[in-house]
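For the numbers below, each heavy atom of this structure counts, side chains included, while hydrogens, waters and symmetry mates do not. Lettering of chains follows the sequences in order, A, B, ..., and the numbering in each one begins at 1.
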Number of protein chains: 2
Amino acid sequence: MPLAAELKSRGLPITRSRRAIAEFLDASTAALSAIEIIDHLHSQGITVNKTTVYRELDILEREHLVVELDMGDGLKRYELSPRQHHHHLFCASCKKVVCLPVEQDLGEVEKQLENQTNFKISGHDLKFFGTCSDCLSITGRDQDE
Amino acid sequence: MPLAAELKSRGLPITRSRRAIAEFLDASTAALSAIEIIDHLHSQGITVNKTTVYRELDILEREHLVVELDMGDGLKRYELSPRQHHHHLFCASCKKVVCLPVEQDLGEVEKQLENQTNFKISGHDLKFFGTCSDCLSITGRDQDE
DNA sequence: CTCTGTGCAAACGATTTGCATGATG
DNA sequence: CATCATGCAAATCGTTTGCACAGAG
């Protein structure tokens, strides 16, 4: 179910801002920051105040429809709540975030760590960093062009 | 070699602030934020301006004597440059950061990912989150005490 | 009238920068 | 005097908050 419909089914009114933000999140394969959402909407001629965007993201998070994602560059990003646990790949150049299926059972590792460290482990976060093929082909070109 | 000595060997003068910051980093097993360093020094009666601390951390990073660490809570932390790659465990309660030896060869996974995704992968970051035994024993106590 | 949603301005908090001063060689 | 360290205030930047108002039920 699309985000907007999901919100509506929970009794939240579908306003123009809410619909625009929800649809952009639905349409995007990448995790989005508030700033990216604002810029995108403005480029579409839709004026939304940043406060509205931040508040909307809070609501979506509270409704567990999106989750916060931290790629370590100081921006909070949000992605649709994943059906299954996965990891991320982050392009240092264009900031694109690609989702990756889980490759190995880190849950096993967590149990081992609990025994070794006496921590109660609640989860993990595995990120890969690099440059995506798009950015590679751009930066790979002759700089004089 | 202690941090301060290392800095001196590189021609940087050892001032009171520099020594204090370096010694605290040397003595600490955890990754430290600028704020933690400032608070600690102030509690020791050593007045250092925050600007000085931030600048000192920049210098140490530029000299590759410390590395920046992002635990996703909005603060930059710094740890002595590790001799070997490792991962981290982060206590959500007291913000303690514990280092972990590498459990598995994620380098292998990186190669697989490069083939699957066309990313050029430069590294990864694996963090575990939870609560340390100290904090567990505190929060586990009867709240009425 | 009572909710929310909205916008604007101001506050926030960690970090950075500009600029003047101080210490050291 | 030349260099670098230092302190202070102000700026920055993403994010949050306070407050007033608009719009729907």
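- Contact annotation for A:Arg18: backbone-only contact, meaning every heavy-atom pair under 4.0 Å involves sugar-phosphate atoms and none involves a base.
- Contact annotation: B:Ser17 reaches the phosphate of D:dT6 (side-chain N/O to OP1 or OP2, under 4.0 Å).
- In this structure, the side chains of A:His85 and A:His124 come closer than 4.5 Å at one or more pairs of heavy atoms.
- Side-chain proximity of A:Arg55 to the nucleotides D:dT15, C:dG7, C:dT16 is greatest for C:dG7.
- Within 4.0 Å of B:Ser33, counting heavy atoms only, lies no atom of the nucleic acid at all.
- Between A:Tyr54 and D:dT15 there is a side-chain N or O to OP1 or OP2 distance below 4.0 Å.
- Looking at the side chain of B:Lys76, the nearest of the listed nucleotides C:dG5, C:dT16, D:dA5 is C:dT16.
- Both B:Gly74 and A:Ile59 lie close to DNA chain C; mapped to their nearest nucleotides by heavy-atom distance, the more 5′-ward contact belongs to A:Ile59.
- Here the side chain of A:Thr51 is nearest to one of C:dG18, C:dT15, D:dG18, namely D:dG18.
- With hydrogens and angles ignored, the 3.5 Å screen pairs a side-chain donor or acceptor of A:Ser81 with a backbone N or O of A:His64.
- A distance-only check finds no donor-acceptor pair linking the side chain of A:Glu56 to the backbone of A:Arg18 [under 3.5 Å].
- Closest of all the heavy-atom pairs between B:Asp134 and B:Ser137 is O-OG, 2.7 Å.
- Atom CZ of A:Arg10 is separated from atom P of C:dG5 by 14 Å (rounded to the nearest Å).
- The distance between atom NZ of A:Lys95 and atom P of D:dG14, rounded to the nearest whole Å, is 12 Å.
- Nearest nucleotide to the A:Thr15 side chain, out of C:dG5, D:dG14, D:dA5: C:dG5.
- Nucleotide C:dA23 holds its P atom 16 Å from the CG atom of B:Asn49, rounded to whole Å.
- Here the side chain of A:Leu12 is nearest to one of C:dT15, C:dG5, D:dG14, namely C:dG5.
- For the pair A:Tyr78 OH and D:dT15 P, the computed distance is 7 Å after rounding to whole Å.
- In terms of position along DNA chain D, the nucleotide closest to B:Arg16 lies nearer the 5' end than the nucleotide closest to the other residue of the pair B:Lys50 and B:Arg16.
- As a whole-Å value, the separation of B:Leu57 CG from C:dT15 C1' is 11 Å.
- Rounded to a whole Å, the CD1 atom of A:Ile14 is 10 Å from the P atom of C:dT6.
- Here the closest non-hydrogen pair linking A:Val66 and A:Leu57 is CG2-O, 4.2 Å.
- Comparing atom distances between the B:Ile35 side chain and each of D:dA9, D:dT15, C:dA14 picks out C:dA14 as nearest.
- Atom-to-atom, CG of B:Leu41 to C1' of D:dT6 comes out at 14 Å; the value is rounded to the nearest Å.
- Atom pair A:Lys8:NZ and C:dG5:C1' shows a separation of 17 Å (rounding to whole Å applied).
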